[in-house]
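Hydrogens, waters and symmetry mates play no part in the numbers below; they use all other heavy atoms, side chains included.
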Amino acid sequence: MQRHASAPPANFVDSSGRRQRRVRRLGRLLLVPAAAYVALLVSTLLGGPTVRSPLLPASPAAGSQVPGGPAADGAQPSASGSHGSGRG
């Protein structure tokens, strides 16, 4: 019959709790932007206000035409003479 040796003592024990406070503080700092992101997602799903910012791409307003996009009445734009077949 084999006798099991007891587990060796831990190499590092933080009896002051400094490491735990540091980890909690870091967790709270990471929680703030995560909570803001979740609030933004919920606001978007509920149809909240839109944010007008030069850093964000703007979506076209309803009924407006996008430059280079299809015309509202379905007509194709006519080709100018400079974009013709290249003849003389």
*asked:* Please report the interatomic distance CZ(R28) to CZ(R25), rounded to the nearest 0.5 Å.
replied: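 Spacing of CZ (R28) from CZ (R25) equals 8.5 Å.
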*At what distance, to the nearest 0.5 angstrom, does CZ of R21 lie from CG of D14?*
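Those atoms lie 8.0 Å apart.
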*Other hydrophobic cluster members with L41, side-chain heavy atoms of Ile/Leu/Val/Met/Phe/Trp/Tyr under 4.5 Å, chained?*
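Listed partners: Y37.
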*Co-members of L30 in a cluster of I, L, V, M, F, W and Y side chains, linked at under 4.5 Å*: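 In the cluster with L30 are L26.
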*Kindly say whether L40 contributes a backbone atom to a donor-acceptor pair with the side chain of T44 at under 3.5 angstrom?*
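Confirmed, T44 side chain pairs with L40 backbone.
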